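These notes concern the structure reproduced below.
Remember, it's a predicted structure, so these values are computed and weren't measured experimentally. Lettering of chains follows the sequences in order, A, B, ..., and the numbering in each one begins at 1.
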Number of protein chains: 2
Amino acid sequence: MRISQLSAESGVPIPTIKYYLREGLLPQGEQTSATRAEYGPAHLRRLRLIRALLEVGRVPVAAIRTVIEAVEDERTDVHTMLGTAHYALASRPEPLAGDEEWARAREDVDRLIADLGWGVGPLAPGRDELAQTLVTLARLGMPATHADLLVYAQTAMNLARDHEMGKIPFDGPRDAAVETLVICTVMYGKALDVFRRLAQESESARILGA
Amino acid sequence: MRISQLSAESGVPIPTIKYYLREGLLPQGEQTSATRAEYGPAHLRRLRLIRALLEVGRVPVAAIRTVIEAVEDERTDVHTMLGTAHYALASRPEPLAGDEEWARAREDVDRLIADLGWGVGPLAPGRDELAQTLVTLARLGMPATHADLLVYAQTAMNLARDHEMGKIPFDGPRDAAVETLVICTVMYGKALDVFRRLAQESESARILGA
DNA sequence: CAGACTGGATAGTCTGACTATCCAGTAGGA
DNA sequence: TCCTACTGGATAGTCAGACTATCCAGTCTG
């Protein structure tokens, strides 16, 4: 299929598709002549993935490119590849410099993860993100209790173990695994976020008897 | 306290504070003379809230302003006020025009919420957000099952009922209720998101035996 | 009374995600 | 054959959002 058809089927304007090609989000089509290239269903699929990450997941273009580069580097094993994808999905917070409060929060996070027995890399950006969240909560006068954190951690683990990682085709082609992981993480993350707000609204209505 | 001290204590540059004042995110200080105004601890607190929503929650300035306007409009009751805050926190997706697939997804969402017995307003933006998420998942070839959705919905409700809405001081001043709600929604939402990614990484390591 | 600082106003910057225009070179029908 | 639509590639422009810089006249403060 040609670019105009790719655009028609995906609903993405041609200049935008060209932009994604330039940025390396979308692989080049197969050149059939100097001014013609052929795109296949894989391009359409990739394009839909890009739009899903951008629109629903608000993942920046640069992060999407990182994920894609990890997939296309054949040297890395599947776990590392999934890790790279995961790390790219993190919203890297600014350092929040060598504050003492921060260092303590970071230690708390490391201890919590160790206590839970989770096998998480020491450089996982989630550790920093969580530390920053804890510092922020404390500064807002609502420090999180250890019990609260455990609840959220266990909830997350239940979902990941029983409903998310099971969907991932580890035995299939490597790109399928990453694609599924990213979709699961981002889309179900969004769904969970929305459900949480809806549930809060419902509870608010119940409590206030509206 | 003067603006320079407010800046020093919060770590927010003076021009940025002025910007927030202009945008109505931060109430004006008490004028003590033509070129002098006095700021109090409430300003510092508000400033920290703004930064938390911006940096951790990625809530746009316009949405923060909406929340604040709702709080300051004394006419609205608490439930409506919390609703306004909630609606402002939603990431309003573009219409995704009158597609038939979309209409069906939207009906599914409405039916699901009704089946759950949740008291959610018919105009809650979460309904549309969820519908778009379902359409997107289907287009990506991974349609969500009804059973999956129920799991996420129940999980969200458990958290909201047992760990979130309980923190909200309904009997206190009206701004405290909204502030707590917003902090809970955004900060614990972030924490849950991070925990989910960490749990997935841990499971990936376990499954792949890394 | 001098220098620092203030509130207020205006304009400029930076990033991220596009979008528009131009171009020469085919592809495919009249 | 030739003409028109369309293509890939390159370059430059746009737009929104969140700041950031500069200027100014008017106080405080020592």
Practice task
Round to the nearest Å and state the distance from A:Leu6 atom CG to D:dT7 atom C1'.
Solution key: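 Answer to the nearest Å: 13 Å.
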Residues which pass side chain to side chain contact (heavy atoms under 4.5 Å, CB included) with [X], listed by chain and number, not counting sequence neighbours:
{"X": "B:Ser33", "result": "B:Thr35, B:Arg36"}
{"X": "A:Tyr20", "result": "A:Val12, A:Thr16, A:Leu25, A:Leu26, A:Leu47, A:Ile50, A:Arg51, A:Leu54"}
{"X": "B:Gln31", "result": "B:Ala37"}

Handout entry: Span of DNA chain C, from the first to the last nucleotide whose atoms fall under 4.0 Å of chain A heavy atoms
Key =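 The footprint of chain A covers C:dA17 to C:dA27.
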List the residues meeting salt bridge (Lys or Arg N to Asp or Glu O under 4.0 Å) with [X], not counting sequence neighbours, and say none if there are none.
{"X": "A:Glu72", "result": "A:Arg46"}
{"X": "B:Lys167", "result": "A:Asp148"}
{"X": "A:Glu179", "result": "A:Arg45"}
{"X": "B:Arg48", "result": "none"}

Practice task
With a 4.0 Å heavy-atom cut-off, tell me which residues in residues 20-40 of chain A come close to DNA chain D, sorted by residue number.
Solution key: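 Within residues 20-40 of chain A, the residues near DNA chain D are A:Arg22, A:Gln28, A:Gln31, A:Thr35, A:Arg36, A:Ala37, A:Tyr39.
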Exercise for the section: Quick one: which residue pairs count as a ring pair (Phe, Tyr, Trp, His ring centres under 6.0 Å) with a foot in residues 41-77 of chain B, not counting sequence neighbours? Expected result: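 Counting only pairs at least two positions apart or across chains, the ring pair (Phe, Tyr, Trp, His ring centres under 6.0 Å) contacts touching residues 41-77 of chain B are B:Tyr39-B:His43.
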Practice task
Return each pair, listed once, that meets ring pair (Phe, Tyr, Trp, His ring centres under 6.0 Å) where at least one residue sits in residues 172-202 of chain B; pairs must be two or more places apart or across chains.
Solution key: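 Applying ring pair (Phe, Tyr, Trp, His ring centres under 6.0 Å) to every pair that reaches into residues 172-202 of chain B, excluding sequence neighbours, yields A:Tyr152-B:Tyr188.
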Practice task
Note the angle between the end axes of the helix from C:dC1-D:dG30 to C:dA30-D:dT1, five pairs defining each, rounded to 10 degrees.
Solution key: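 Terminal axis comparison yields 10°.
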Exercise for the section: Output yes when at least one side-chain N/O atom of B:Arg51 is less than 4.0 Å from OP1 or OP2 of D:dA18, else no. Expected result: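 No, no such contact exists.
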Problem - Pairwise 5' ranking along DNA chain D for A:Gln5 and B:Lys18, keeping only the more 5' one - result: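 Nearer the 5' end of the strand: A:Gln5.
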Handout entry: Closest-nucleotide 5' rank along DNA chain D - winner of B:Arg2 and B:Thr16
Key =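 Per heavy-atom nearest nucleotide, the more 5' residue is B:Thr16.
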Problem - Between B:Thr136 and A:Lys190: side-chain donor-acceptor atoms closer than 3.5 Å - result: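 Side-chain D/A pair, B:Thr136 to A:Lys190: absent.
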